[in-house]
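Okay, structure first, notes after.
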2 protein chains.
Amino acid sequence: MVTLKEVAARAGVSRSAVSRTFTEGASVSDKTRRKVELAADELGYQPSLIARSLATNRTKLIGLVANNFRNPVFLEVFDLFTQGLQKRGFRPLLVNLSTETDPEKSLHMLRQYRVDGIIIATSTLPPTFPDAFRKAGVPVIHAFGKIDASSGVHVVGIDNRKCGEMAAQTLVDRGYKKIALLGGPQSATSTQDRLAGFLSQLGKLGVEPADVRFARDYSYSAGREAMTELLAEMEVEALFCGDDLICMGAMDAARGKGLKIPEDIGFLGFNDMNMAGWSAYDLTTIHQPIRDIILSSVELVVAMVGEPDRSNETRLFSCSIVERSTLRPLPAS
Amino acid sequence: MVTLKEVAARAGVSRSAVSRTFTEGASVSDKTRRKVELAADELGYQPSLIARSLATNRTKLIGLVANNFRNPVFLEVFDLFTQGLQKRGFRPLLVNLSTETDPEKSLHMLRQYRVDGIIIATSTLPPTFPDAFRKAGVPVIHAFGKIDASSGVHVVGIDNRKCGEMAAQTLVDRGYKKIALLGGPQSATSTQDRLAGFLSQLGKLGVEPADVRFARDYSYSAGREAMTELLAEMEVEALFCGDDLICMGAMDAARGKGLKIPEDIGFLGFNDMNMAGWSAYDLTTIHQPIRDIILSSVELVVAMVGEPDRSNETRLFSCSIVERSTLRPLPAS
DNA sequence: TGAATTTTTGCAACCGATTGCAAAATTTTG
DNA sequence: CAAAATTTTGCAATCGGTTGCAAAAATTCA
């Protein structure tokens, strides 16, 4: 690898001069800059970001911690995340929490690489993370996180409680009586909040939920299994699912029993993933503004790097119903 | 951040001693090791991988270059890739080629971070990559690449030509006569190779292809549009699609025209993505062993880091038909 | 026990950049 | 044109580790 020194020698200038031509906003005359650039080109010089990081104490690396590598909505997350960072001159260091035996381990690893910031894209946040990084002065953004000022991290996401309420209202408005909820994994705070909002609104409207249960994970098969069990036990008129993928599994389970959608049973999904628009499902669902959440997270983490002791922020985006064909229409009123 | 020096001071040993307790296979007595570990714990010391990288000229960073952040099969790629690297003590640096104005730019960036190796997961390889990295002595693995010994990079993938032949044989065996191909983007070498194999085998079997066309990209909507156009122009009995996603779009287009699958028209997909097994599609498809390809790529790239001038290798895995319900059964013979 | 051998330790140079400071060069001003 | 003000430049210390080498310590052997 060609180094600074060699370029300096070739250009007949000092090492500082070379360094300065490659650092934003440093003072070099046009003449030396040209000399240096010429020499650098001839030698194929590329400044070492490793060495620079050591000297500046900035790596331009942002950690992305995720634990859901099976749900297609995460593709969009990865796409927007990498794009957003690239555009700002930062780089993503990906951490797959799903299998790492120990979240502690990835934590260490991120600290060892001296990442400038971290975005956690999981509804559940490993509890030791916030402290560990705050102590080290590394900004942490919890995307899709729970609204909770006390946690000490920045949160960018949605108001899950409100979404639950919206779902309940939507189903009741359409005249459904026997309404069930099929949530994501029960341990996820997003599930709990959605459930709370759902039940509360149902209560306000004087409707008793017919059933509440939870899928094992955010997958088609988990949705399908849970729905199969549900159908074996009872009849319901409409179902609010914690995730589109779960919902599609549930729909296929219902169809498998010969039920027609939306005549015999209605479905309301969550996320509005790409596939929700496919005509085999054409799912009515609650749109989660993933794009806004990720772009905002990226923007925030980059801002934090420049201005480390900014006070905590919570950014919430609103969700909206996307009408397709898995719920019966609103009665003419 | 706590540094080596502080730990050394506290433990009452030299900096080398501390360094050695944290490097694999270095010689330290148990006594000093314990002293050092104690001091390190008390201070919360984490060795800086940045500094280490500078000194050792090894970053333990592997670049993953991808350009398809919309196709769910890539989730599996990301999952296996990150897992595989993590298990071996390496870290993924993700590059999203889809939007980076200039592939050259990402190339520079990867070199600036001094990645130890690169896996390119695209069917089309930016032509300047191999040379640039070979010159720098960085191993490059082209996953899903074209068999082509001359390119100077390692290739791990499948024999696309053979897959095309397999597809043709499968369709003819089932008695289809009017057979069409709906490929992925025409510029992809994988598409070209599959097409070549397909046509060649069809020729051998004395069947004239009814139509050959290409989807704009690897997406549901592209498949749907291409199929809509095709149906407006002609009738076909069976279709070989270059990707499951494209195939699902095509199926929905056909169903939209009132066609029954597989009675009126048969579909053969490619990849065997998760969704192919969903009952709304239940797609008969050619399984691409993505897991094998990625695991093998990771293993290979890590091996290359330890042994830089290993000769070029091509690793090919075989594909197989997964029978579901979108093709009519083999005639009893 | 003492010499021979092996293991552990510390010194100091090095990896490839950045940056504060003062000197040198250039530009502005009167 | 000289003095003052400004810009550019190079020196040398620094970032946080690693590692070859020789000295010191511990172990083995006769």
Side-chain angles (χ1 to χ4, degrees), chain A residues 1-37 39-40 43-61 89 108-109 111-116 136-138, chain B residues 1-37 39-40 43-61 89 108-109 111-116 136-138:
Chain A
M1 277 273 115
V2 187
T3 74
L4 202 67
K5 193 153 44 162
E6 302 170 48
V7 178
R10 174 160 199 137
V13 297
S14 73
R15 290 154 60 224
S16 333
V18 179
S19 170
R20 289 187 178 112
T21 67
F22 285 98
T23 34
E24 203 73 12
S27 137
V28 233
S29 68
D30 283 1
K31 191 157 49 123
T32 51
R33 149 158 282 134
R34 269 197 299 277
K35 276 196 292 187
V36 170
E37 280 173 347
L43 284 103
Y45 169 71
Q46 297 279 89
S48 160
L49 289 190
I50 298 294
R52 172 180 302 186
S53 296
L54 183 59
T56 59
N57 205 23
R58 280 272 146 81
T59 56
K60 297 245 164 190
L61 248 27
H108 283 154
M109 183 254 115
R111 294 199 39 203
Q112 291 184 167
Y113 271 109
R114 304 290 192 262
V115 294
D116 285 344
V138 179
Chain B
M1 276 276 114
V2 187
T3 75
L4 203 70
K5 200 165 18 173
E6 303 170 48
V7 178
R10 173 158 199 136
V13 298
S14 74
R15 289 156 60 225
S16 334
V18 179
S19 171
R20 288 188 178 112
T21 69
F22 284 99
T23 35
E24 204 72 12
S27 138
V28 234
S29 68
D30 283 1
K31 191 160 47 131
T32 50
R33 151 158 280 135
R34 268 196 300 276
K35 275 196 292 185
V36 170
E37 279 173 347
L43 293 151
Y45 170 70
Q46 297 280 85
S48 160
L49 290 190
I50 297 296
R52 173 179 300 181
S53 296
L54 183 59
T56 60
N57 205 23
R58 281 272 144 80
T59 56
K60 297 245 161 190
L61 250 27
H108 283 153
M109 181 255 118
R111 293 198 41 202
Q112 290 183 169
Y113 271 107
R114 305 292 193 260
V115 294
D116 285 344
V138 178

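Labels below follow one simple rule: chain letters A, B, ... track the order of the sequence lines, proteins then strands, and each chain is numbered from 1.
When atom types are taken as modelled, the side chain of B:Thr23 and the backbone of B:Ser19 share a donor-acceptor pair closer than 3.5 angstrom.
B:Ser19 comes within 4.0 angstrom of a nucleotide base, judged by non-hydrogen atoms across all strands. Using a 4.0 Å heavy-atom criterion, one finds that B:Thr23 contacts the sugar-phosphate atoms exclusively. Within 4.0 Å (heavy atoms only), A:Thr3 reaches sugar-phosphate atoms of the nucleic acid but no base atom. The residue A:Val18 sits apart from the nucleic acid: no heavy atom pair falls under 4.0 Å.
A:Leu54 places its CG atom 12 Å from the C1' atom of D:dT18, with the value rounded to the nearest Å. Taking atom NZ of residue B:Lys5 and atom P of nucleotide D:dT18, one finds them 15 Å apart after rounding to whole Å. Distance CZ (A:Arg15) to P (D:dT14): 14 Å, rounded to an integer number of Å.
We find the CG-CD1 distance between A:Leu61 and B:Ile50 to be 6.5 Å, quoted to the nearest 0.5 Å. Separating the NZ atom in B:Lys35 from the CZ atom in B:Arg10 is a distance of 13.5 Å, to the nearest 0.5 Å. Taking OG of B:Ser53 as the start and CG of A:Leu54 as the end, the distance is 10.0 Å to the nearest 0.5 Å. One distance of note links CZ of A:Arg15 with CG of A:Leu4; it measures 6.5 Å at 0.5 Å rounding. Interatomic distance, CG of B:Asp30 versus OG1 of B:Thr32, reported as 8.0 Å (0.5 Å rounding).
Taking 4.0 Å as the cut-off between side-chain N and carboxylate O, A:Glu37 and A:Arg33 count as a salt-bridged pair.
First and last contacts of DNA chain C with chain B, using any nucleotide atom under 4.0 Å from a protein heavy atom and ordered 5' to 3', fall at C:dT8 to C:dG16.
Between A:Gln46 and A:Met1 the shortest side-chain heavy-atom distance does not fall below 4.5 Å. Between A:Pro47 and A:Arg52, the closest side-chain pair of non-hydrogen atoms falls below 4.5 Å.
Both B:Met1 and A:Ser29 sit near DNA chain D, but only A:Ser29 has its closest nucleotide nearer the 5' end. Ranked by how close their nearest DNA chain D nucleotide is to the 5' end, B:Arg20 and B:Ser48 are led by B:Ser48. Nearest-nucleotide positions on DNA chain C for A:Thr56 and B:Ser27 put B:Ser27 closer to the 5' end.
Only B:Thr32, listed by number, bring a heavy atom of residues 30-37 of chain B to less than 4.0 angstrom from any atom of DNA chain C.
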